[in-house]
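These notes concern the structure reproduced below.
All of these numbers come straight from a predicted model, not from anything done at the bench.
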Amino acid sequence: MLKTFKIQVGGQVQGVGFRPFVFNLAQKHQLKGTVSNNANGVLIYVNGTKEELMNFMEDILEKAPDAAIIQGHSMDEIEPREFENFSIVPSQKTAKVAIPLTADFAICNSCKKEIQDPSNRRYRYAFTTCTQCGPRYAITQKFPFERALTTMGQFTMCESCVIEYKNPKDSRFHSQTNSCIDCGIKMKLLANSGEPISVENEREILSTVARFLKEGAIVALKNTSGYLLCADATNPEVVKKLRERKQRPTKPFALLYPNMEKIREAFHVSNHEQRALESRVCPIVLLDAKQQTKGHLAEGVAPGLDRYGVMLPSSALLTLLAIETQTPLVATSGNIHGSPILSSEKEAREKLSTVADYFLNHNLEIVFPQDDSVMHFADKQRILLRRSRGLAPNLMGYTPKPSEKVLAMGAHLKSTLAFTPNGHTYLSPYFGNLDSYEVLQRYTDTLQRYTQLFEELPEVVLVDKHPAYQSTILGKELATNWKVTVVEVQHHKAHFAGVLAEHDLFEIKKPVLGVIWDGTGLGDDGMIWGGEFFVYQNHQIELKAHFEYFDTLAGDKMAKEPRLSLFSLVNSEAEVEDKFSKAEIKIYQKLKENSKLGTSSVGRLFDAVASLLDVLDVSTYEGEAALLLENLAWQYPGECIDLLEGKSFGNVPSKAIMERLIALKHKGESKAKLAASFIYTLARVVVKMAITFKISTIACSGGVFQNRLLVQTLMGMAEEDDISFLFHKEMSSNDENIALGQLAYYQNIKE
Amino acid sequence: LGHGSGGLLTNKLLDSGVFDLLSNPILDTRHDGAFLELEGKTAFSTDSFLVSPIFFPGGNIGELAVNGTVNDLAMCGAIPKYLSLSFIIEEGLKVLEFWEVLVAVKFACEKAGVHVVTGDTKVVEKGKGDKIFINTSGIGKVHSKANISASNIKKGDKIIISGQVATHGMAIMSVREGLEFDSEIQSDTTNLNHTIISLLDQFGESIHLLTDPTRGGVATVLKETAQSIDLGIDIFQKDIPIDDQVASACELLGLDPLYVANEGLFIAFVAEEVAEDFLSELREDGNGLHAKIIGTVTEQHPRQVILESAIGGKRVVSMLPGEQLPRIC
Ligand SMILES: [Fe+3]
Ligand SMILES: [Mg+2]
Ligand SMILES: [Zn+2]
Ligand SMILES: [Zn+2]
């Protein structure tokens with residue numbers, strides 16, 4: 001008797017070649033039926049016996065395409081239906097989407113080979129993709145993931161492409177982004193004036209661009225996730241020019257290398273780092289430069305730093321360009337004045353014409369522009385610095401309470417959005433500083449697109465306690481419009497809940513110590529927090545200790561001028577004399593006397609130490625002082641000093657740390673040793689707190705834990721002291737995780 | 001100043017010449033209230049003044065209290081006529097200080113051409129006040145050509161500021177916090193009614209809105225306006241007039257001058273066609289030497305105020321929620 005089964009596979013299964021895979025598998029198993037995408041993932045109807053189906057299912061789970069992430073499946077017998085063969089049928093939208101959005105994939109190796117093979121029909125086609133690679137999230141307009149519902153929909157496949165699309169043996173069988181040079185995306189090269197630059201053959205465009213780059217030009221290039229500004233990284237003049245035009249004095253630029261060999265020649269690369277570089281995410285990875293590399297690269301690429309952000313080409317376009325130029329290229333987000341990465345030709349023209357000498361445009365519309373993701377490694381521990389292309393917008397690691405539609409507005413400076421319309425957590429890529437009108441627009445646009453895509457509005461809106469975050473202001477406004485409740489979540493408790501969520505620790509019996517260190521957040525007591533110790537137990541978070549408060553000075557300016565943190569933390573003006581004018585000293589002394597707003601910020605403590613060690617007095621980008629201080633600390637190979645040795649304390653005595661450092665500085669200890677000892681001391685503080693509170697599970701969050709040396713030192717101590725340290729996994733430890741933290745706090749913590 | 005808050009002391013105080021100093025026919029009747037002859041559309045406004053310290057470079061709380069209400073009436077397009085004046089005095093205030101405040105009140109009234117027609121004085125125990133609080137209410141006759149209402153604001157309207165921003169706030173801040181700058185920053189407190197009246201004579205209904213950016217500064221006033229009109233506002237940092245000394249004081253203290261309080265300053269939303277004439281007229285006036293067009297009303301980004309910074313880049317301007325708390329993480 002004929003039996004029919006219905007199989008539903010959930011997770012990231014659309015846009016990853018899942019239907020063609022099921023099709024081929026069904027042929028192998030000689031089964032008849034259909035496969036399609038639906039709102040819950042991939043839907044299969046198939047005839048067969050129970051046993052045949054068990055085998056089939058097993059193969060599906062085991063042999064699924066690499067890019068797929070299966071999150072649950074079901075198989076039910078239904079009313080018998082007869083099928084004549086096995087076929088892929090068009091998707092039908094019958095319900096609201098309830099699966100992860102597929103992230104963008106970097107170009108795969110086989111596509112990379114094809115575009116370099118003169119005999120292949122995709123030779124030098126800059127938008128070559130297959131079922132296993134190419135843009136996904138970036139071009140998604142609607143659901144499910146079908147060509148017509150993406151911006152690829154405007155391109156009609158030529159005959160050759162259709163043949164591939166229909167051929168079960170082809171790697172482009174049912175590839176939704178399939179195209180070739182005859183039918184696909186067209187590039188256009190323009191001079192700064194807007195005049196098109198004619199190129200005889202489309203395949204030669206990138207050689208022309210490469211020539212311009214070698215001649216010292218800056219090119220704004222539209223990649224499949226947004227514009228990049230490119231320049232020859234070995235040419236000091238052009239790098240300097242780029243800095244001036246972009247008004248970005250010192251913040252390091254990322255580098256694009258053509259292949260792994262070239263990267264290995266120039267940098268020390270661990271296995272973990274290599275795996276990350278070559279992954280589908282294709283992120284920027286910070287690597288230690290070999291000695292000769294620093295001489296080879298222009299000094300302006302990463303001023304004062306020994307580590308560089310390095311990446312491989314994420315698209316066919318970048319692959320071809322990198323091969324053509326061979327030299328490392330600066331490849332930095334195409335934006336200016338902290339505005340979001342640009343993706344439309346018109347905007348790029350308007351905003352980048354003062355920066356770029358040439359524009360390389362193309363006619364694929366980008367719906368969700370994204371920066372490159374950035375990460376580095378402390379041994380095997382991955383530390384995300386920016387979560388964006390390739391990682392956003394899914395957060396697989398946290399399953400929200402299924403029926404609750406929550407919108408978390410995130411923080412202010414490194415804003416992100418979290419939304420749970422359907423039992424999945426969607427976590428937007430990083431947007432940036434919401435004071436910028438363009439960033440705020442991108443943020444609100446994305447929010448609107450999400451509510452349209454998932455056809456759901458939130459039932460509760462979560463915001464930070466800080467009343468002046470644009471995300472708080474907007475969240476409250478939206479909640480009023482939607483007539484839903486708004487809940488405020490304290491910043492550092494959100495950080496803590498965020499890291500607890502990533503390790504699924506809310507049901508743990510033992511207490512967890514939360515070490516939450518960052519720059520600034522508004523505390524429950526009205527003070528500016530940033531160096532807190534919490535204990536989580538039984539769905540409650542309790543503040544146990546913090547860094548002793550020191551005076552805030554001059555509002556947000558304090559974060560921009562490390563010397564002000566030093567001023568706040570020293571008792572004698574002698575230490576800061578050479579960093580301020582006499583008049584400034586008088587005024588800041590007064591401000592300090594009158595200051596009623598204290599801070600426990602470890603970020604500011606880093607600033608103060610950086611200033612004390614003459615690393616940096618006034619910064620030009622966020623986190624600069626901490627980065628330079630860490631760079632200095634790595635230069636010291638020896639034994640470190642515990643600056644709080646012999647001191648017992650409840651709250652961490654920030655000023656005692658400074659006093660000891662000052663004394664040692666006067667004794668003539670090397671600055672590198674002092675920098676290293678400072679970081680070592682912070683790690684010891686964590687261990688001491690663990691001992692004080694008799695807690696062996698420690699979860700760390702906050703921007704300070706982007707510091708690789710601190711993380712590495714902690715992990716070293718973990719082994720000695722039998723403590724386990726937990727860090728963020730899919731999220732960055734900085735404020736990008738606040739949206740997740742707000743969500744997790746709201747759903748798991750009792751006040 | 002004496003103790004207790006009994007009627008005796010208050011009467012004594014009054015008898016000792018408070019109201020002699022402010023003498024005018026209506027006040028002189030010493031009745032429980034004032035009899036006023038009013039006709040036509042009338043504006044009425046009240047404000048309380050608590051400023052610490054009560055004496056600051058460029059003025060004291062007395063003239064602030066008169067100018068504040070006079071200016072609020074002027075912002076309604078009214079010609080201020082009569083004021084009420086109430087003091088709440090903390091026990092222990094020096095008599096000389098009180099007289100100094102009173103004299104400032106008198107001169108400010110004369111300058112603005114208003115009469116104090118009724119008043120009151122109360123003394124509170126030490127610790128229950130802060131030297132002296134003043135409440136003033138004022139009545140004025142609305143100018144025949146005035147039609148001041150946010151609902152008149154249209155796309156394309158120009159936003160004109162009458163002078164340099166942040167001066168008053170920084171003057172107060174410098175004395176309160178004991179900050180010494182190269183040269184003293186003086187409060188710009190002054191009455192604006194004569195200036196406004198002559199502008200109304202000339203531009204009448206083309207003046208859509210007048211508003212004084214006192215507490216919360218220019219940013220707060222513009223944001224409130226944008227929200228009430230459902231239109232957007234674009235302002236340009238390079239056009240915002242500010243004294244160099246004030247600008248560097250703000251920079252030093254990490255304060256955004258757009259959020260710092262002003263006193264002798266007003267913002268006008270005027271029809272695009274008259275903007276240039278309005279500006280040159282205003283600049284002829286002593287109170288408008290530094291006047292500038294700082295922005296435009298737009299249909300883009302309704303309810304939002306966007307500041308284009310001097311180096312390019314657009315910043316979202318919002319209302320000040322209390323003090324300027326640090327936000328950088
Ligand atoms: Fe934070
Ligand atoms: Mg007022
Ligand atoms: Zn591929
Ligand atoms: Zn084709």
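Other residues, nucleotides and ligands place no more than 12 heavy atoms under 6.0 Å from the NZ atom of A:K586. At most 12 non-hydrogen atoms from other residues, nucleotides or ligands lie less than 6.0 angstrom from CZ of B:R215. In this structure, B:E125 places its CD atom where only 12 or fewer heavy-atom neighbours from other residues, nucleotides or ligands lie under 6.0 Å away. A 6.0 Å sphere centred on CG of A:D525 holds more than 12 heavy atoms belonging to other residues, nucleotides or ligands. Shown here is A:K246, whose NZ atom has more than 12 heavy atoms of other residues, nucleotides or ligands within 6.0 Å.
With a 4.5 Å cut-off on non-hydrogen atoms, B:I306 touches chain A through its side chain but not through its backbone. Contact annotation for B:E251: both backbone and side-chain heavy atoms come within less than 4.5 Å of a heavy atom of chain A. Heavy atoms closer than 4.5 Å to chain A are found in the side chain of B:Q227, but not in its backbone. Proximity to chain B is limited to the backbone of A:L434, based on heavy atoms less than 4.5 angstrom apart. At a 4.5 Å heavy-atom cutoff, A:S339 makes no contact with chain B through either its backbone or its side chain.
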Chi angles and distances behind the side-chain contact (heavy atoms from CB on, under 4.5 Å) call for A:Q247, B:I311 = CA-CA 9 Å; A:Q247 298 178 29; B:I311 55 155; 3.5 Å; yes
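Within the 4.5 Å cutoff, the side chain of B:Q304 has no heavy atoms near those of the A:Q441 side chain. Counting only heavy atoms from C-beta outward, the side chains of A:Y437 and B:H301 approach each other to under 4.5 Å.
Between chain B and the residues A:L440, A:T354, A:N734, A:T599, the most heavy-atom pairs under 4.5 angstrom are made by A:L440. By number of non-hydrogen pairs under 4.5 angstrom with chain A, the leading residue of B:L252, B:L253, B:L307 is B:L252.
Here NZ of B:K314 is found 6.0 Å from CD of A:E438. Values are rounded to the nearest 0.5 Å. Rounded to the nearest 0.5 angstrom, B:S174 OG and A:K590 NZ are separated by 12.0 Å. Rounded to the nearest 0.5 Å, atoms CD (B:E177) and CG (A:L591) are 6.5 Å apart.
The closest donor-acceptor contact from the side chain of A:D435 to the backbone of B:R315 lies at 3.5 Å or more, if one exists at all.
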